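My questions will all concern the structure given below.
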Protein chains: 2
Amino acid sequence: MEDEQQPGRSGLVEKVANYLREHIVMDHFQPGQRLPERTLAEELQVSRTPMREALKILATEGLVVLLPHRGAVVADVSPRDMQEKAHVLSVLEQAAAELACVNASDDDIAELQAMHYEMKAAFLRRDRQNYFRLNQDIHNRIVALSGNASLIEIHANLSRQLYRVRYLSNERTDKWQVAMIEHEAVMAALAARDAERMGRELRNHLGKTWMKYANGEAEVIVEQGKREDSDQPGV
Amino acid sequence: MEDEQQPGRSGLVEKVANYLREHIVMDHFQPGQRLPERTLAEELQVSRTPMREALKILATEGLVVLLPHRGAVVADVSPRDMQEKAHVLSVLEQAAAELACVNASDDDIAELQAMHYEMKAAFLRRDRQNYFRLNQDIHNRIVALSGNASLIEIHANLSRQLYRVRYLSNERTDKWQVAMIEHEAVMAALAARDAERMGRELRNHLGKTWMKYANGEAEVIVEQGKREDSDQPGV
DNA sequence: GTACCGATAATGGCATACCATTATAGAGAA
DNA sequence: TTCTCTATAATGGTATGCCATTATCGGTAC
């Protein structure tokens, strides 16, 4: 937040929201921790107005919860919530895939294939960073190709809400292998423009990807946030 | 808005939002019409703060569009947008149905059946008001029975956004017959707890319900909003 | 020791003022 | 006439103060 605060310069809400989001996603703020509007505003050298806005935004993103007369607290990542969101996400992507099969141009498919091979390259290099980025890009691209603005928007929202878990979750490399194979199946169905099959493959893929949160791994994530009694101010 | 405005009494944002929503949905404000924040606030005897909030809410509901430095304008209902939203809605309800088939208790299903017969009664009486209300209730109930909070919330949002079209559209009675038959098929599948079939029936039903917007009926709605050169100041 | 009650602090919500940015129209120049 | 530039108005965004509502804690009575 190091910058001057002449009134009128816009974007303060964004800055504050980004700042808080960062800290929450990076697990610097623990679930359940209170985020007192006035105090935080003072610390970040902004007034209550943008702070309130920012907290509302984060609330819609599911990162914080606004308790009446108790202020904002960092939302905890409940495995159940995440599973539910992940399920909806898979449903949406399945629908998107079916639409994409119909709407996508040959060039679109070619581009997607290219991205897929880039990802495969990252996989072979064990380049986690790019692997995950490309993986995300591909999924988003498929949704974009659905051509359904509403679907795209809702998907983006959900995806953001799951980002926190994605970040916290340290995907294990041995899972990549399976994911890659599933991805290939998805791409093959797309190339064949088999809408039903692509939808099914994609949903199956997502189902497996998020399955681990049903098997207790997510709890671990929550646990590791339990340490720390926050000496940091701002808190 | 006829009520006293002692500060502190909460709910002003709701009141303003409801007021504007009502007028927009009822078509008292034409699509494209500007909604000047300050002027409107003055007219409704509130300050900019709750007015801004209300306009933001309506923006998320898709009723108004916030143009940078041009203020809020009543969003026009584009058939395409509505179709897209309706498609997502059907996808979500299909998924909800599949979950409901698994999660619903026998009592839940019995209650749903009861509502269904109530609706049938309204249908036979040509009681449009109750027919539509019960129809909505049933759909919402099915979604609720999915037990997926995220799904429920997203569905509610979309449903709100489509409410405006539902309101504007004057369903013709002869369509009810078909809808009733489809509804019966949905209920039968639920009674049999056949998830796949119920999902399919429900989606088919919704597909038909909204199909008309693909066939030009919605254009009429849009046309009537095309006039507007807004001589009316601020309102 | 427990239950009830009241003081205090924190939060929520609204009003208002100020300033920067941008749209828009009107004046002036080509 | 048309283009450009500038003055003005409108909008967006932020800071701030006030007051009502509610949570929380401590004291008192039983």
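Since the structure is predicted, the reported quantities are computational estimates derived from the model, not experimental observations. We use all heavy atoms of the structure for the numbers below, so side chains are in, but hydrogens, waters and symmetry mates are not. Reminder, nothing fancy here: chain letters follow the sequence lines and each chain counts from 1.
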Which atom pairs link the protein and nucleotides 22-24 of chain C when you take only N or O atoms and keep those under 3.5 Å?
residue	atom	partner	partner atom	Å
C:dT22	O4'	B:H69	ND1	3.4
C:dT24	OP1	B:R70	NE	3.2

Whole angstroms only, please: what is the CD1-P distance between B:I57 and C:dG13? 11 Å

What's the shortest heavy-atom distance between A:I138 and A:L112, and which atoms? O-CD1, 4.2 Å

d(CD, B:E37; C1', C:dC14) in whole Å: 14 Å

Here the distance between atom P of C:dC14 and atom CD of B:E42, to the nearest Å, is 18 Å

Between atom CG in A:L67 and atom P in C:dA10, what is the gap in whole Å? 17 Å

Side-chain N,O (B:T49) to OP1/OP2 (C:dC14) below 4.0 Å: no

Non-neighbouring partners of B:D127 that pass side chain to side chain contact (heavy atoms under 4.5 Å, CB included), sequence neighbours left out: B:A122, B:R125, B:Q129, B:N130

NA contact type, A:E53, heavy-atom cut-off 4.0 Å: base, sugar-phosphate, or nothing? nothing

Strictly below 4.0 Å: does A:R52 bring a side-chain N or O up to OP1 or OP2 of C:dG13? yes

Here the distance between atom C1' of C:dG13 and atom CG of A:L66, to the nearest Å, is 13 Å

Measure CG/A:L44 against P/D:dT14 and give the value in whole Å, please. 13 Å

Starting at the 5' end of DNA chain C, which residue's closest nucleotide do you reach first, A:G71 or B:R48? A:G71

Go through C:dA15, C:dT11, D:dT14 for me and flag the one nearest to the A:S47 side chain. D:dT14

Between CZ of B:R38 and P of D:dA9 the distance, given in whole Å, is 14 Å

Where do A:N135 and A:M119 come nearest, in terms of heavy atoms and distance? CA-SD, 3.6 Å

For B:R203, what residues pass the side chain to side chain contact (heavy atoms under 4.5 Å, CB included) criterion, not counting sequence neighbours? A:E98, B:H87, B:S90, B:V91, B:Q94

Strictly distance-based, threshold 3.5 Å: is any side-chain N or O of B:E84 a donor or acceptor partner for the main-chain N or O of A:A149? yes

Atom-to-atom span, CG of A:L40 to P of D:dA15 - whole angstrom: 14 Å

Quick one: pull up CD1 in B:I152 and CG in B:L92 and give me the separation to the nearest 0.5 Å. 11.5 Å

Tightest non-hydrogen contact, residues A:S47 and A:A41, listed as O-CB, 3.7 Å

